[in-house]
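Quick caveat, the model's predicted, so the values are computed rather than measured.
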Amino acid sequence: MAENPQDWQTETKLVRGGMVRSPYGEISEALYLTQSFAYESAGAADRRFSGEEPGFIYQRFGNPTTQMFEDRLALLEGAEVCRATASGMAAVHVALQGLVRAGDHIVAGRALFGSCRWILSDWMPRFGVEVTYVDATDLEAWKNAVRPNTKCFLVESPANPLLEVTAIGAVAEIAHAAGAKLVVDNVFATPVFQKPLALGADIVVYSATKHIDGQGRVLGGAILGAEALMTESYKDILRHTGPALSPFNAWVLLKGLETLELRVTRQSENAAKIADVIGAHAKTKRVLYPGRPDHPQAAIIANQMSGGGNVVAFDLGDRAAAWRFLDALAIVDISNNLGDAKSMATHPCTTTHRSMPEAERLEIGLTEGWVRMSVGLEGSGDLIRDVSRALDAA
Ligand SMILES: *Cc1c(COP(=O)(O)O)cnc(C)c1O
C-alpha cells in the first residue's frame with residue numbers, strides 16, 4: 001500500500017518526511033557534500049539546464065541533502081514549497097526583497113528581531129522601499145498604514161523579546177484586501193505550535209538556527225509558501241544572489257527535525273512551569289508567557305497556537321535587579337540564542353536590542369528590568385531551583 005506522507009501524524013512527518021534513499025539503502029539520510037553534478041551526455045546537460053529534465057545542477061540552486069530538509073519542513077508546515085537559506089536573516093531578507101520593488105511600501109509590526117529592524121529601517125530605504133511600523137496588536141493601525149503601493153506586511157508572532165501576539169488571520173485579511181502579501185516570522189511559535197499558512201499568511205520564514213537545530217550547532221533558515229508565489233518571487237533571487245544553505249548544515253537540521261516535536265513539547269512544559277514560578281515570586285513585576293491566562297493576547301493565542309513555546313519574559317524592575325538575577329544563575333547560561341536544549345537567559349536592553357533607539361524600545365514596553373529566558377530540556381526541578389535562587393538574589 002502506498003502511503004501519502006501528507007496524511008501522516010506530525011511525528012512521522014518529522015522522522016520520515018522528504019527522505020530519498022540512495023541505492024545503498026542507508027537508514028540515516030545521506031550527506032551529499034557536492035557542489036556540482038555530472039550529466040550523462042551534452043544533451044542531458046542541455047535538458048537539465050532548460051528545466052525540461054529534473055535534477056540538480058549546482059549547489060547554489062539545490063542539493064539532494066538540502067532538498068530532503070526542505071521537503072521535510074514543507075511537509076510539517078503544510079506548505080507546497082520550502083527553500084532553505086544559510087541563516088534566518090537570509091530567509092527574512094530574501095522573503096521581503098522578493099516581494100518589493102523601488103517605490104513599494106512595507107508595513108511591519110514594530111516589535112521585531114533587531115536585524116529584521118535593520119533591514120527595514122536602514123537597508124530597504126536604500127532601494128527606495130518605504131516602511132511603516134505599527135503596533136502589531138492593533139488591527140486599525142494595520143488598516144490605517146496601508147497605501148496604494150503597499151506590497152508586503154511583516155509580522156513576528158510571538159514577537160521578540162516581549163512575546164506580543166498578533167491575530168494572524170485578521171492581519172492576513174487586511175493585507176489581502178490591500179493587495180499585499182503577509183510574511184510571518186514564526187520562529188518563536190515553531191512549526192509545531194503555529195501554522196501561519198493555514199491561518200491565512202502567504203509566506204512563513206524560520207531561523208532554523210533556533211529550535212530546528214535546537215542543539216546550538218549550525219545556522220540555517222527557510223522560506224515556505226505556495227508554489228506559484230515561491231517560484232515567481234524567490235526562485236531567481238535564490239539562484240543568483242547566493243544565500244544557499246550548506247548541505248552539511250542541512251543534514252544537521254534534517255536530523256534536528258526528527259526530534260523537534262519531542263523537544264519543543266518538553267521545552268514548552270518546562271517553560272510553563274517556570275513562568276508560574278517566576279510569576280509567583282515577590283521580585284517579579286510582570287511575567288509574559290503565551291501559555292498563561294494573564295497574557296494580554298490570551299484569547300488570540302487560544303485560537304492560533306497549540307502550545308506556548310519555550311520563551312518566557314519577565315520584568316524585575318531595573319537593570320541592576322535583572323543583572324543580579326543573571327549573575328546568580330548556576331545552571332542556566334547567560335546567552336542570547338533561543339530554542340536550544342540548554343536553558344539560557346539574556347538582558348535584551350544591553351544585548352539583543354541594544355541597537356534599538358531608546359524611544360522605540362519604550363514604545364514596545366522594553367524597559368531595563370526585562371529578562372528573556374529560553375527554557376531548555378534540563379529537568380524542571382533543577383531549573384526551578386536555579387531560577388528561584390536567582391530571583392531571591394535579584
Ligand atoms: C534568530 C532570529 C532570526 C535570525 O536568524 P539567524 O539564523 O540568526 O540569522 C530572525 N527572526 C527571529 C524571530 C529570530 O529569533
If you compare all heavy atoms of [X] against all heavy atoms of [Y], which two are closest, and at what distance to 0.1 Å?
{"X": "R101", "Y": "V129", "result": "O-CG2, 3.6 Å"}
{"X": "S388", "Y": "H281", "result": "O-NE2, 4.1 Å"}
{"X": "A222", "Y": "A91", "result": "O-CB, 3.6 Å"}
{"X": "V311", "Y": "P290", "result": "O-CD, 4.1 Å"}
{"X": "E164", "Y": "A111", "result": "OE1-CB, 3.5 Å"}
{"X": "S207", "Y": "V187", "result": "N-CG2, 3.2 Å"}

Counting only N and O atoms by type, is there a donor-acceptor contact under 3.5 Å from the side chain of [X] to the main-chain atoms of [Y]?
{"X": "N270", "Y": "E378", "result": "yes"}
{"X": "S50", "Y": "E52", "result": "yes"}
{"X": "K195", "Y": "P191", "result": "yes"}
{"X": "T65", "Y": "A250", "result": "no"}
{"X": "D104", "Y": "K151", "result": "no"}
{"X": "E26", "Y": "S22", "result": "yes"}
{"X": "T259", "Y": "L262", "result": "no"}
{"X": "T231", "Y": "E227", "result": "yes"}
{"X": "R263", "Y": "L257", "result": "no"}
{"X": "N144", "Y": "E140", "result": "yes"}

So do the side chains of [X] and [Y] get within less than 4.5 Å of each other, counting heavy atoms only?
{"X": "T150", "Y": "V107", "answer": "yes"}
{"X": "V371", "Y": "L316", "answer": "yes"}
{"X": "E77", "Y": "L197", "answer": "yes"}
{"X": "D386", "Y": "R389", "answer": "yes"}
{"X": "L182", "Y": "I174", "answer": "no"}
{"X": "I106", "Y": "E130", "answer": "no"}
{"X": "I119", "Y": "M89", "answer": "yes"}
{"X": "I203", "Y": "V184", "answer": "no"}

More than 12 heavy atoms of other residues, nucleotides or ligands under 6.0 Å from [atom1] of [X]: is that the case?
{"X": "E53", "atom1": "CD", "result": "yes"}
{"X": "R16", "atom1": "CZ", "result": "no"}
{"X": "Y58", "atom1": "OH", "result": "no"}
{"X": "W8", "atom1": "CH2", "result": "yes"}
{"X": "R354", "atom1": "CZ", "result": "no"}

Please determine, by modelled atom types, if [X] and [Y] share a side-chain donor-acceptor pair under 3.5 angstrom.
{"X": "N160", "Y": "R372", "result": "yes"}
{"X": "D135", "Y": "T137", "result": "yes"}
{"X": "E261", "Y": "T10", "result": "no"}
{"X": "S28", "Y": "K255", "result": "yes"}
{"X": "H347", "Y": "T350", "result": "yes"}
{"X": "N336", "Y": "T352", "result": "no"}
{"X": "E70", "Y": "T66", "result": "no"}
{"X": "H105", "Y": "T132", "result": "yes"}

Walk me through it: do S374 and N337 pass the test side chain to side chain contact (heavy atoms under 4.5 Å, CB included)? CA-CA 8 Å; S374 167; N337 198 12; over 6 Å; no

Excluding sequence neighbours, so at least two apart, what forms salt bridge (Lys or Arg N to Asp or Glu O under 4.0 Å) with R266? E269

Going by salt bridge (Lys or Arg N to Asp or Glu O under 4.0 Å), name the residues that satisfy it together with D315, two or more places apart in sequence or in a different chain. none

Please collect all ring pair (Phe, Tyr, Trp, His ring centres under 6.0 Å) contacts where either partner lies in [range], sequence neighbours excluded, each pair once.
{"range": "residues 176-225", "answer": "none"}
{"range": "residues 143-165", "answer": "W142-F153"}
{"range": "residues 234-253", "answer": "none"}

Show your working on side chain to side chain contact (heavy atoms under 4.5 Å, CB included) between C82 and D71 and close with a plain yes or no. CA-CA 7 Å; C82 169; D71 289 351; over 6 Å; no

Any ion pair linking [Y] and [X] (charged N to carboxylate O, less than 4.0 Å)?
{"X": "D392", "Y": "K283", "answer": "no"}
{"X": "D340", "Y": "K342", "answer": "no"}
{"X": "R72", "Y": "E29", "answer": "yes"}

V100 vs M124, test: side chain to side chain contact (heavy atoms under 4.5 Å, CB included). Steps then yes/no. CA-CA 9 Å; V100 294; M124 287 292 176; 4.2 Å; yes

Quick check for you: to the nearest 0.5 Å, what is the distance between [X] atom [atom1] and [Y] atom [atom2]?
{"X": "K13", "Y": "L260", "atom1": "NZ", "atom2": "CG", "answer": "13.0 Å"}
{"X": "M305", "Y": "I168", "atom1": "CE", "atom2": "CD1", "answer": "8.5 Å"}
{"X": "I334", "Y": "W323", "atom1": "CD1", "atom2": "CH2", "answer": "10.0 Å"}
{"X": "L326", "Y": "D333", "atom1": "CG", "atom2": "CG", "answer": "11.0 Å"}
{"X": "L96", "Y": "H93", "atom1": "CG", "atom2": "NE2", "answer": "8.0 Å"}

Output, in order, the C-alpha distance, side-chain angles, deciding distance and verdict of salt bridge (charged side-chain N to carboxylate O under 4.0 Å, His left out) for R385 and D382. CA-CA 5 Å; R385 187 176 64 255; D382 291 334; 3.1 Å; yes

Within 45° cone of Y289 ring axis and under 6.0 Å: K273 NZ or CZ: no

Flag the pair F314 / F325 as yes when their ring centroid distance falls below 6.0 Å, and as no otherwise. yes

Would V81 and I223 satisfy side chain to side chain contact (heavy atoms under 4.5 Å, CB included), going step by step from the backbone distance to the final call? CA-CA 8 Å; V81 173; I223 308 173; over 6 Å; no

How would you list, by chain and number, every residue that makes a ring pair (Phe, Tyr, Trp, His ring centres under 6.0 Å) with F49, sequence neighbours excluded? none

